[in-house]
S.K.: 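This is the structure I have questions about; it appears just below.
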Amino acid sequence: MLQAFNAMMKRDLLLAFRHRGELANPLLFFFMIVTLFPLGVSPEVVLLRKIAPGVIWIAALLAALFSLESLFRSDFEDGALEQMLLSPQPLSVLVLAKVLAHWLVSGLPMLLLAPLLGLLLAMPERAIAALELTLAIGTPLLSLIGAIGVALTVGLRRGGVLLTLLIMPLYIPVLIFATNAVTAAAAGMPIAGQIYFLASLLVLALTLAPLAIAAALRISVS
Amino acid sequence: MWQFLHKMASPKYFYDISGKWIPWLGGLTVITLLAGLYYGLVKAPPDYQQGESYRIMFIHVPSAWMSMFIYVLMAMWSGINLIWNIKLADVMTVSSASLGASFTLLALVTGSLWGKPMWGAWWVWDARLTSELILLFLYLGYIALVSAIEDRRTAARAGGVLILVGVVNIPIIHYSVEWWNTLHQGPTVTKFDKPSIHLSMLIPLLIMAVSFKLYYLTVVLMRARTEVLDRERRSAWVRELFGAKPAS
(Lines give C-alpha, C1' and ligand atoms only; values in the text may rest on other atoms or scores of the structure.)
Protein backbone atom coordinates (compact mmCIF):
# COMPACT_ATOMS: atom_id res chain seq x y z
CA MET A 1 0.00 0.00 0.00
CA LEU A 2 2.83 2.33 0.93
CA GLN A 3 4.54 1.37 -2.30
CA ALA A 4 1.48 2.31 -4.31
CA PHE A 5 1.28 5.58 -2.41
CA ASN A 6 4.91 6.37 -3.21
CA ALA A 7 4.62 5.32 -6.82
CA MET A 8 1.57 7.51 -7.33
CA MET A 9 3.20 10.48 -5.70
CA LYS A 10 6.37 10.09 -7.74
CA ARG A 11 4.36 9.86 -10.92
CA ASP A 12 2.36 12.98 -10.16
CA LEU A 13 5.41 14.98 -9.15
CA LEU A 14 7.19 13.89 -12.31
CA LEU A 15 4.20 14.88 -14.42
CA ALA A 16 4.09 18.25 -12.71
CA PHE A 17 7.75 18.94 -13.36
CA ARG A 18 7.42 17.98 -17.01
CA HIS A 19 4.94 20.85 -17.37
CA ARG A 20 6.96 23.44 -15.57
CA GLY A 21 5.18 26.36 -17.15
CA GLU A 22 1.92 25.39 -15.54
CA LEU A 23 3.48 25.29 -12.10
CA ALA A 24 3.90 29.04 -11.99
CA ASN A 25 0.32 29.89 -12.98
CA PRO A 26 -1.44 29.50 -9.61
CA LEU A 27 1.40 31.38 -7.94
CA LEU A 28 1.09 34.22 -10.38
CA PHE A 29 -2.65 34.22 -9.81
CA PHE A 30 -2.08 34.39 -6.05
CA PHE A 31 0.31 37.32 -6.48
CA MET A 32 -1.94 39.23 -8.86
CA ILE A 33 -5.03 39.02 -6.69
CA VAL A 34 -3.08 40.43 -3.75
CA THR A 35 -1.75 43.20 -5.99
CA LEU A 36 -5.27 44.22 -6.92
CA PHE A 37 -6.18 45.17 -3.37
CA PRO A 38 -3.88 48.16 -2.84
CA LEU A 39 -4.93 49.33 -6.28
CA GLY A 40 -8.61 48.81 -5.65
CA VAL A 41 -8.92 49.79 -2.00
CA SER A 42 -6.17 52.17 -1.00
CA PRO A 43 -2.37 52.15 -0.76
CA GLU A 44 -2.57 53.57 2.75
CA VAL A 45 -0.33 51.53 5.06
CA VAL A 46 -2.60 51.44 8.12
CA LEU A 47 -5.52 50.13 6.12
CA LEU A 48 -3.42 47.63 4.20
CA ARG A 49 -1.97 46.26 7.39
CA LYS A 50 -5.46 45.77 8.71
CA ILE A 51 -6.85 43.92 5.71
CA ALA A 52 -3.67 42.03 4.83
CA PRO A 53 -4.46 38.70 6.56
CA GLY A 54 -7.85 38.50 4.90
CA VAL A 55 -6.54 39.56 1.49
CA ILE A 56 -3.70 37.06 1.45
CA TRP A 57 -5.87 34.26 2.72
CA ILE A 58 -8.68 34.91 0.25
CA ALA A 59 -6.12 35.02 -2.54
CA ALA A 60 -4.67 31.72 -1.32
CA LEU A 61 -8.13 30.22 -1.23
CA LEU A 62 -8.90 31.26 -4.80
CA ALA A 63 -5.49 30.16 -6.03
CA ALA A 64 -5.98 26.77 -4.38
CA LEU A 65 -9.34 26.33 -6.10
CA PHE A 66 -7.93 27.50 -9.39
CA SER A 67 -5.05 25.04 -9.30
CA LEU A 68 -7.12 22.14 -7.97
CA GLU A 69 -9.47 22.26 -10.88
CA SER A 70 -7.13 20.21 -13.05
CA LEU A 71 -6.27 17.70 -10.31
CA PHE A 72 -8.03 14.74 -11.92
CA ARG A 73 -8.70 16.12 -15.37
CA SER A 74 -5.82 14.70 -17.40
CA ASP A 75 -6.13 11.35 -15.62
CA PHE A 76 -9.81 11.34 -16.42
CA GLU A 77 -9.26 12.20 -20.05
CA ASP A 78 -6.56 9.61 -20.77
CA GLY A 79 -8.25 6.87 -18.78
CA ALA A 80 -5.65 6.60 -16.03
CA LEU A 81 -8.31 7.41 -13.49
CA GLU A 82 -10.33 4.35 -14.48
CA GLN A 83 -7.26 2.20 -14.02
CA MET A 84 -6.86 3.64 -10.54
CA LEU A 85 -10.47 2.75 -9.77
CA LEU A 86 -9.86 -0.79 -10.99
CA SER A 87 -6.55 -1.28 -9.23
CA PRO A 88 -6.46 -3.57 -6.18
CA GLN A 89 -4.93 -0.79 -4.09
CA PRO A 90 -7.39 1.21 -1.98
CA LEU A 91 -8.49 4.21 -3.99
CA SER A 92 -8.45 6.52 -0.99
CA VAL A 93 -4.71 5.95 -0.52
CA LEU A 94 -3.97 6.66 -4.19
CA VAL A 95 -6.10 9.76 -4.02
CA LEU A 96 -4.32 10.96 -0.90
CA ALA A 97 -1.00 10.57 -2.73
CA LYS A 98 -2.34 12.64 -5.61
CA VAL A 99 -3.59 15.39 -3.33
CA LEU A 100 -0.31 15.46 -1.44
CA ALA A 101 1.71 15.67 -4.64
CA HIS A 102 -0.55 18.46 -5.80
CA TRP A 103 -0.06 20.33 -2.56
CA LEU A 104 3.72 19.99 -2.85
CA VAL A 105 3.73 21.68 -6.24
CA SER A 106 1.00 24.27 -5.62
CA GLY A 107 0.55 24.83 -1.89
CA LEU A 108 4.15 24.80 -0.83
CA PRO A 109 5.27 27.50 -3.31
CA MET A 110 2.47 29.71 -2.01
CA LEU A 111 3.99 29.30 1.42
CA LEU A 112 7.28 30.57 0.06
CA LEU A 113 5.69 33.51 -1.69
CA ALA A 114 3.48 34.61 1.21
CA PRO A 115 6.13 36.45 3.31
CA LEU A 116 6.88 38.64 0.32
CA LEU A 117 3.23 39.48 -0.04
CA GLY A 118 3.06 40.16 3.67
CA LEU A 119 5.86 42.68 3.30
CA LEU A 120 4.12 44.31 0.35
CA LEU A 121 1.04 44.79 2.51
CA ALA A 122 3.11 46.15 5.39
CA MET A 123 2.39 43.30 7.80
CA PRO A 124 4.45 43.25 11.00
CA GLU A 125 6.95 40.40 11.36
CA ARG A 126 5.00 38.59 14.08
CA ALA A 127 2.01 38.46 11.81
CA ILE A 128 4.07 37.14 8.90
CA ALA A 129 5.28 34.26 11.06
CA ALA A 130 1.69 33.51 12.02
CA LEU A 131 0.65 33.77 8.39
CA GLU A 132 3.25 31.18 7.45
CA LEU A 133 2.08 28.87 10.20
CA THR A 134 -1.59 29.15 9.23
CA LEU A 135 -0.77 28.66 5.56
CA ALA A 136 1.35 25.60 6.39
CA ILE A 137 -1.60 23.98 8.15
CA GLY A 138 -4.32 25.56 6.05
CA THR A 139 -3.26 24.98 2.46
CA PRO A 140 -3.19 21.15 2.73
CA LEU A 141 -6.63 21.50 4.25
CA LEU A 142 -7.76 23.53 1.25
CA SER A 143 -6.38 20.87 -1.10
CA LEU A 144 -8.09 18.02 0.73
CA ILE A 145 -11.49 19.69 0.94
CA GLY A 146 -11.26 21.04 -2.58
CA ALA A 147 -10.39 17.65 -4.00
CA ILE A 148 -13.81 16.36 -2.94
CA GLY A 149 -15.44 18.97 -5.11
CA VAL A 150 -13.05 18.27 -7.97
CA ALA A 151 -13.88 14.57 -7.77
CA LEU A 152 -17.59 15.36 -7.93
CA THR A 153 -17.26 17.60 -10.97
CA VAL A 154 -14.56 15.73 -12.87
CA GLY A 155 -16.82 14.38 -15.58
CA LEU A 156 -18.50 17.70 -16.27
CA ARG A 157 -17.47 19.95 -19.10
CA ARG A 158 -17.89 23.25 -17.32
CA GLY A 159 -16.96 22.20 -13.83
CA GLY A 160 -14.91 25.26 -12.94
CA VAL A 161 -17.54 27.68 -11.68
CA LEU A 162 -19.55 24.85 -10.21
CA LEU A 163 -16.51 23.70 -8.25
CA THR A 164 -16.21 27.16 -6.72
CA LEU A 165 -19.87 27.13 -5.71
CA LEU A 166 -19.58 23.74 -4.06
CA ILE A 167 -16.35 24.30 -2.22
CA MET A 168 -16.36 27.94 -1.11
CA PRO A 169 -18.82 27.40 1.77
CA LEU A 170 -16.71 24.52 3.05
CA TYR A 171 -13.63 26.72 3.11
CA ILE A 172 -15.18 29.24 5.48
CA PRO A 173 -14.02 27.71 8.80
CA VAL A 174 -10.44 27.56 7.52
CA LEU A 175 -10.62 31.18 6.45
CA ILE A 176 -12.07 32.29 9.78
CA PHE A 177 -9.56 30.53 11.99
CA ALA A 178 -6.55 31.38 9.85
CA THR A 179 -7.24 35.09 9.45
CA ASN A 180 -8.23 35.33 13.07
CA ALA A 181 -4.91 33.84 14.12
CA VAL A 182 -2.95 36.24 11.92
CA THR A 183 -4.90 39.25 13.16
CA ALA A 184 -4.40 38.16 16.75
CA ALA A 185 -0.69 37.68 16.18
CA ALA A 186 -0.43 41.16 14.71
CA ALA A 187 -2.02 42.51 17.88
CA GLY A 188 0.46 40.56 19.99
CA MET A 189 -2.08 38.07 21.32
CA PRO A 190 -1.56 34.31 21.68
CA ILE A 191 -2.74 32.25 18.72
CA ALA A 192 -2.43 28.71 20.08
CA GLY A 193 -6.19 28.21 20.18
CA GLN A 194 -6.76 29.00 16.52
CA ILE A 195 -3.75 26.95 15.47
CA TYR A 196 -4.97 23.91 17.42
CA PHE A 197 -8.33 24.29 15.79
CA LEU A 198 -6.82 24.43 12.32
CA ALA A 199 -4.63 21.44 13.12
CA SER A 200 -7.58 19.40 14.33
CA LEU A 201 -9.48 20.31 11.16
CA LEU A 202 -6.48 19.10 9.18
CA VAL A 203 -6.45 15.78 11.03
CA LEU A 204 -10.17 15.41 10.42
CA ALA A 205 -9.76 16.18 6.73
CA LEU A 206 -6.77 13.85 6.38
CA THR A 207 -8.79 10.95 7.72
CA LEU A 208 -12.19 11.60 6.14
CA ALA A 209 -11.56 13.52 2.93
CA PRO A 210 -9.74 10.69 1.06
CA LEU A 211 -12.74 8.44 1.65
CA ALA A 212 -15.13 11.08 0.38
CA ILE A 213 -12.91 11.80 -2.63
CA ALA A 214 -12.74 8.11 -3.47
CA ALA A 215 -16.50 7.73 -3.17
CA ALA A 216 -17.06 10.80 -5.32
CA LEU A 217 -14.66 9.56 -7.99
CA ARG A 218 -16.38 6.20 -8.16
CA ILE A 219 -19.69 7.97 -8.71
CA SER A 220 -18.56 10.46 -11.32
CA VAL A 221 -16.44 8.08 -13.36
CA SER A 222 -18.88 5.16 -13.40
CA MET B 1 -42.68 -2.15 9.85
CA TRP B 2 -39.81 -3.47 7.76
CA GLN B 3 -42.24 -4.86 5.27
CA PHE B 4 -43.88 -1.49 5.02
CA LEU B 5 -40.58 0.26 4.47
CA HIS B 6 -39.68 -2.31 1.90
CA LYS B 7 -42.89 -1.73 0.05
CA MET B 8 -42.42 2.03 0.22
CA ALA B 9 -39.16 1.68 -1.64
CA SER B 10 -41.02 0.49 -4.72
CA PRO B 11 -41.87 3.47 -6.89
CA LYS B 12 -45.31 2.23 -7.85
CA TYR B 13 -46.39 1.56 -4.28
CA PHE B 14 -45.00 4.91 -3.22
CA TYR B 15 -46.86 6.65 -5.99
CA ASP B 16 -50.16 5.06 -5.03
CA ILE B 17 -49.95 5.55 -1.30
CA SER B 18 -48.54 9.07 -1.34
CA GLY B 19 -51.40 10.06 -3.61
CA LYS B 20 -53.77 9.01 -0.85
CA TRP B 21 -51.82 10.86 1.83
CA ILE B 22 -51.43 14.19 0.09
CA PRO B 23 -55.02 15.47 0.51
CA TRP B 24 -54.96 14.64 4.23
CA LEU B 25 -51.57 16.20 4.76
CA GLY B 26 -52.61 19.26 2.77
CA GLY B 27 -55.78 19.61 4.82
CA LEU B 28 -53.89 19.33 8.09
CA THR B 29 -51.38 21.89 6.83
CA VAL B 30 -54.13 24.41 6.14
CA ILE B 31 -55.81 23.79 9.52
CA THR B 32 -52.62 24.11 11.56
CA LEU B 33 -51.47 27.07 9.52
CA LEU B 34 -54.73 28.94 10.13
CA ALA B 35 -54.72 28.03 13.81
CA GLY B 36 -51.09 29.00 14.23
CA LEU B 37 -51.56 32.31 12.43
CA TYR B 38 -54.70 33.11 14.42
CA TYR B 39 -53.09 32.40 17.78
CA GLY B 40 -49.83 34.00 16.75
CA LEU B 41 -51.10 37.18 15.10
CA VAL B 42 -54.31 37.78 17.06
CA LYS B 43 -54.27 35.98 20.39
CA ALA B 44 -50.66 36.18 21.52
CA PRO B 45 -49.92 39.28 23.61
CA PRO B 46 -47.52 41.92 22.26
CA ASP B 47 -43.96 41.62 23.49
CA TYR B 48 -43.06 43.98 26.34
CA GLN B 49 -39.91 45.05 24.56
CA GLN B 50 -40.39 44.48 20.85
CA GLY B 51 -44.10 45.38 20.69
CA GLU B 52 -46.00 43.92 17.75
CA SER B 53 -43.08 43.48 15.44
CA TYR B 54 -41.93 40.29 17.16
CA ARG B 55 -44.86 38.51 15.51
CA ILE B 56 -42.77 37.85 12.44
CA MET B 57 -41.12 35.29 14.68
CA PHE B 58 -43.99 32.91 13.96
CA ILE B 59 -42.77 32.69 10.38
CA HIS B 60 -39.08 33.33 10.92
CA VAL B 61 -38.30 30.76 13.61
CA PRO B 62 -40.15 27.78 12.09
CA SER B 63 -38.57 28.42 8.70
CA ALA B 64 -35.12 28.61 10.27
CA TRP B 65 -35.82 25.31 12.00
CA MET B 66 -37.04 23.80 8.75
CA SER B 67 -33.95 24.96 6.88
CA MET B 68 -31.75 22.88 9.16
CA PHE B 69 -34.19 20.02 9.57
CA ILE B 70 -34.46 19.49 5.82
CA TYR B 71 -30.70 19.47 5.40
CA VAL B 72 -30.35 16.77 8.03
CA LEU B 73 -33.17 14.78 6.42
CA MET B 74 -31.44 15.07 3.05
CA ALA B 75 -28.22 13.82 4.60
CA MET B 76 -30.09 10.85 6.05
CA TRP B 77 -31.66 9.99 2.72
CA SER B 78 -28.37 10.40 0.94
CA GLY B 79 -26.80 8.01 3.42
CA ILE B 80 -29.59 5.49 2.85
CA ASN B 81 -29.19 5.86 -0.89
CA LEU B 82 -25.42 5.46 -0.85
CA ILE B 83 -25.51 2.46 1.50
CA TRP B 84 -28.54 0.48 0.35
CA ASN B 85 -28.97 1.97 -3.08
CA ILE B 86 -32.66 2.71 -2.66
CA LYS B 87 -33.96 4.78 -5.53
CA LEU B 88 -36.73 6.40 -3.59
CA ALA B 89 -34.28 7.86 -1.07
CA ASP B 90 -32.57 9.86 -3.76
CA VAL B 91 -35.91 10.95 -5.19
CA MET B 92 -36.71 12.37 -1.76
CA THR B 93 -33.33 14.10 -1.48
CA VAL B 94 -33.60 15.74 -4.87
CA SER B 95 -37.19 16.82 -4.22
CA SER B 96 -36.31 18.29 -0.83
CA ALA B 97 -33.44 20.48 -1.97
CA SER B 98 -35.33 23.41 -3.40
CA LEU B 99 -37.79 23.36 -0.50
CA GLY B 100 -34.91 23.54 1.93
CA ALA B 101 -33.40 26.39 -0.03
CA SER B 102 -36.74 28.23 -0.01
CA PHE B 103 -37.13 27.88 3.74
CA THR B 104 -33.59 29.13 4.21
CA LEU B 105 -34.31 32.13 2.01
CA LEU B 106 -37.57 32.76 3.88
CA ALA B 107 -35.73 32.65 7.20
CA LEU B 108 -33.16 35.12 5.88
CA VAL B 109 -35.73 37.51 4.42
CA THR B 110 -38.00 37.51 7.47
CA GLY B 111 -34.95 37.82 9.68
CA SER B 112 -33.82 40.85 7.77
CA LEU B 113 -37.31 42.39 7.96
CA TRP B 114 -37.28 41.77 11.69
CA GLY B 115 -33.75 43.05 12.06
CA LYS B 116 -34.53 46.46 10.54
CA PRO B 117 -36.76 47.73 13.38
CA MET B 118 -34.91 45.82 16.11
CA TRP B 119 -31.26 46.29 15.29
CA GLY B 120 -31.65 49.22 12.93
CA ALA B 121 -30.09 47.41 10.00
CA TRP B 122 -31.31 45.07 7.27
CA TRP B 123 -28.29 42.91 7.62
CA VAL B 124 -25.59 42.50 10.22
CA TRP B 125 -22.70 40.10 10.02
CA ASP B 126 -23.90 38.18 12.98
CA ALA B 127 -23.01 34.54 13.53
CA ARG B 128 -26.41 32.99 13.09
CA LEU B 129 -27.33 35.11 10.10
CA THR B 130 -24.07 34.28 8.46
CA SER B 131 -24.35 30.56 9.06
CA GLU B 132 -27.87 30.65 7.68
CA LEU B 133 -26.54 32.40 4.58
CA ILE B 134 -23.84 29.76 4.24
CA LEU B 135 -26.50 27.09 4.57
CA LEU B 136 -28.28 28.72 1.63
CA PHE B 137 -25.03 28.53 -0.34
CA LEU B 138 -24.75 24.83 0.51
CA TYR B 139 -28.28 24.22 -0.75
CA LEU B 140 -27.65 26.19 -3.93
CA GLY B 141 -24.38 24.34 -4.49
CA TYR B 142 -26.20 21.05 -4.18
CA ILE B 143 -28.91 22.16 -6.61
CA ALA B 144 -26.27 23.40 -9.06
CA LEU B 145 -24.39 20.11 -8.91
CA VAL B 146 -27.47 17.97 -9.36
CA SER B 147 -28.70 20.00 -12.28
CA ALA B 148 -25.28 19.97 -13.96
CA ILE B 149 -25.07 16.18 -14.15
CA GLU B 150 -27.31 14.79 -16.82
CA ASP B 151 -27.80 11.25 -15.61
CA ARG B 152 -30.36 11.39 -12.81
CA ARG B 153 -28.95 8.51 -10.76
CA THR B 154 -25.37 9.76 -10.97
CA ALA B 155 -26.54 13.26 -10.11
CA ALA B 156 -28.35 12.05 -7.04
CA ARG B 157 -25.43 9.96 -5.84
CA ALA B 158 -22.91 12.76 -6.40
CA GLY B 159 -25.24 15.17 -4.62
CA GLY B 160 -25.48 12.70 -1.77
CA VAL B 161 -21.72 12.77 -1.25
CA LEU B 162 -21.82 16.56 -1.25
CA ILE B 163 -24.65 16.63 1.27
CA LEU B 164 -22.84 14.23 3.59
CA VAL B 165 -19.65 16.27 3.38
CA GLY B 166 -21.77 19.32 4.12
CA VAL B 167 -23.43 17.77 7.13
CA VAL B 168 -20.04 17.02 8.67
CA ASN B 169 -19.08 20.61 7.98
CA ILE B 170 -22.22 22.35 9.21
CA PRO B 171 -21.38 22.14 12.93
CA ILE B 172 -17.83 23.25 12.19
CA ILE B 173 -19.03 26.16 10.09
CA HIS B 174 -21.65 27.04 12.66
CA TYR B 175 -19.28 27.12 15.60
CA SER B 176 -16.49 28.83 13.73
CA VAL B 177 -18.88 31.56 12.66
CA GLU B 178 -20.36 31.80 16.14
CA TRP B 179 -16.92 32.20 17.58
CA TRP B 180 -16.18 34.82 14.98
CA ASN B 181 -19.04 37.18 15.74
CA THR B 182 -22.29 37.20 17.66
CA LEU B 183 -25.14 39.62 18.03
CA HIS B 184 -28.23 37.49 17.53
CA GLN B 185 -30.36 36.72 20.58
CA GLY B 186 -29.57 33.33 22.08
CA PRO B 187 -31.85 30.33 21.58
CA THR B 188 -35.02 30.74 23.61
CA VAL B 189 -36.85 27.48 23.00
CA THR B 190 -34.32 24.69 22.84
CA LYS B 191 -32.55 25.48 26.09
CA PHE B 192 -32.50 22.42 28.31
CA ASP B 193 -34.18 24.07 31.26
CA LYS B 194 -37.45 25.95 31.06
CA PRO B 195 -37.81 27.84 27.80
CA SER B 196 -37.46 31.58 28.32
CA ILE B 197 -40.46 32.31 26.10
CA HIS B 198 -43.95 32.72 27.48
CA LEU B 199 -46.42 29.91 26.91
CA SER B 200 -48.87 32.18 25.06
CA MET B 201 -46.16 32.77 22.46
CA LEU B 202 -44.66 29.30 22.58
CA ILE B 203 -47.87 27.47 21.69
CA PRO B 204 -48.56 29.35 18.43
CA LEU B 205 -44.89 29.00 17.59
CA LEU B 206 -45.03 25.24 17.99
CA ILE B 207 -48.28 25.04 16.02
CA MET B 208 -46.59 26.98 13.23
CA ALA B 209 -43.61 24.64 13.39
CA VAL B 210 -45.88 21.62 13.01
CA SER B 211 -47.69 23.35 10.18
CA PHE B 212 -44.43 24.05 8.36
CA LYS B 213 -43.40 20.41 8.74
CA LEU B 214 -46.75 19.27 7.33
CA TYR B 215 -46.42 21.72 4.47
CA TYR B 216 -42.99 20.33 3.72
CA LEU B 217 -44.30 16.76 3.78
CA THR B 218 -47.18 17.62 1.48
CA VAL B 219 -45.08 19.44 -1.07
CA VAL B 220 -42.16 17.04 -0.96
CA LEU B 221 -44.49 14.13 -1.63
CA MET B 222 -46.04 15.98 -4.56
CA ARG B 223 -42.62 16.73 -5.97
CA ALA B 224 -41.41 13.19 -5.35
CA ARG B 225 -44.45 11.81 -7.18
CA THR B 226 -43.66 13.90 -10.20
CA GLU B 227 -40.04 12.88 -10.05
CA VAL B 228 -40.99 9.21 -9.79
CA LEU B 229 -43.28 9.50 -12.78
CA ASP B 230 -40.57 11.21 -14.78
CA ARG B 231 -37.97 8.63 -13.94
CA GLU B 232 -40.27 5.67 -14.47
CA ARG B 233 -41.89 7.06 -17.60
CA ARG B 234 -40.83 4.06 -19.64
CA SER B 235 -42.08 1.47 -17.17
CA ALA B 236 -45.28 -0.45 -17.73
CA TRP B 237 -47.21 0.86 -14.75
CA VAL B 238 -46.75 4.50 -15.68
CA ARG B 239 -47.81 3.86 -19.25
CA GLU B 240 -50.83 2.00 -18.01
CA LEU B 241 -51.65 4.80 -15.60
CA PHE B 242 -51.88 7.29 -18.42
CA GLY B 243 -53.75 4.96 -20.67
CA ALA B 244 -50.97 4.41 -23.16
CA LYS B 245 -50.40 1.01 -24.68
CA PRO B 246 -47.73 -1.08 -22.98
CA ALA B 247 -44.34 -0.71 -24.63
CA SER B 248 -44.01 -3.14 -27.47
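Just so it is clear: chains get the letters A, B, ... in the order the sequence lines come, proteins before strands, and each one is counted from 1.
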S.K.: Please round to the nearest 0.5 Å and tell me the distance separating atom CG of L166(A) and atom CG of L140(B).
M.R.: 11.0 Å
S.K.: Determine whether more than 12 heavy atoms belonging to other residues, nucleotides or ligands lie under 6.0 Å from atom NZ of K50(A).
M.R.: no
S.K.: Which of the residues I172(A), I167(A), L204(A) is involved in the greatest number of heavy-atom pairs with chain B at under 4.5 angstrom?
M.R.: I172(A)
S.K.: Measure the spacing between CG of L164(B) and CG of L208(A) and express it to the nearest 0.5 Å.
M.R.: 11.5 Å
S.K.: Considering only heavy atoms, which portion of I145(A) lies under 4.5 Å from any heavy atom of chain B: side chain, backbone, both, or neither?
M.R.: neither
S.K.: Distance from I172(B) atom CD1 to L170(A) atom CG, nearest 0.5 Å?
M.R.: 9.5 Å
S.K.: Mark yes when over 12 heavy atoms from residues, nucleotides or ligands other than Y215(B) sit less than 6.0 Å from its OH; otherwise mark no.
M.R.: no
S.K.: Can you confirm whether more than 12 heavy atoms, excluding those of F14(B), are under 6.0 Å from its CZ atom?
M.R.: yes
S.K.: Please give me the minimum heavy-atom distance between L156(A) and A148(B), naming the atom from each residue.
M.R.: CD2-O, 3.6 Å
S.K.: Are L152(A) and V165(B) packed together at the side-chain level, in the sense that at least one heavy-atom pair is separated by less than 4.5 angstrom?
M.R.: no
S.K.: Just checking M68(B): does its CE atom have more than 12 heavy atoms from other residues, nucleotides or ligands closer to it than 6.0 angstrom?
M.R.: yes
S.K.: If you take all heavy atoms of I134(B) and P169(A), which pair is closest and at what distance?
M.R.: CG2-CB, 3.9 Å
S.K.: Got a second to check how far L165(A)'s CG is from I143(B)'s CD1, nearest 0.5 Å?
M.R.: 11.5 Å
S.K.: Go through L82(B) and I219(A) one step at a time and tell me if the side chain to side chain contact (heavy atoms under 4.5 Å, CB included) criterion holds.
M.R.: CA-CA 10 Å; L82(B) 289 176; I219(A) 290 166; 4.1 Å; yes
S.K.: Counting only non-hydrogen atoms closer than 4.5 Å, does L133(B) touch chain A with its backbone (N, CA, C, O), its side chain (CB onward), both, or neither?
M.R.: neither
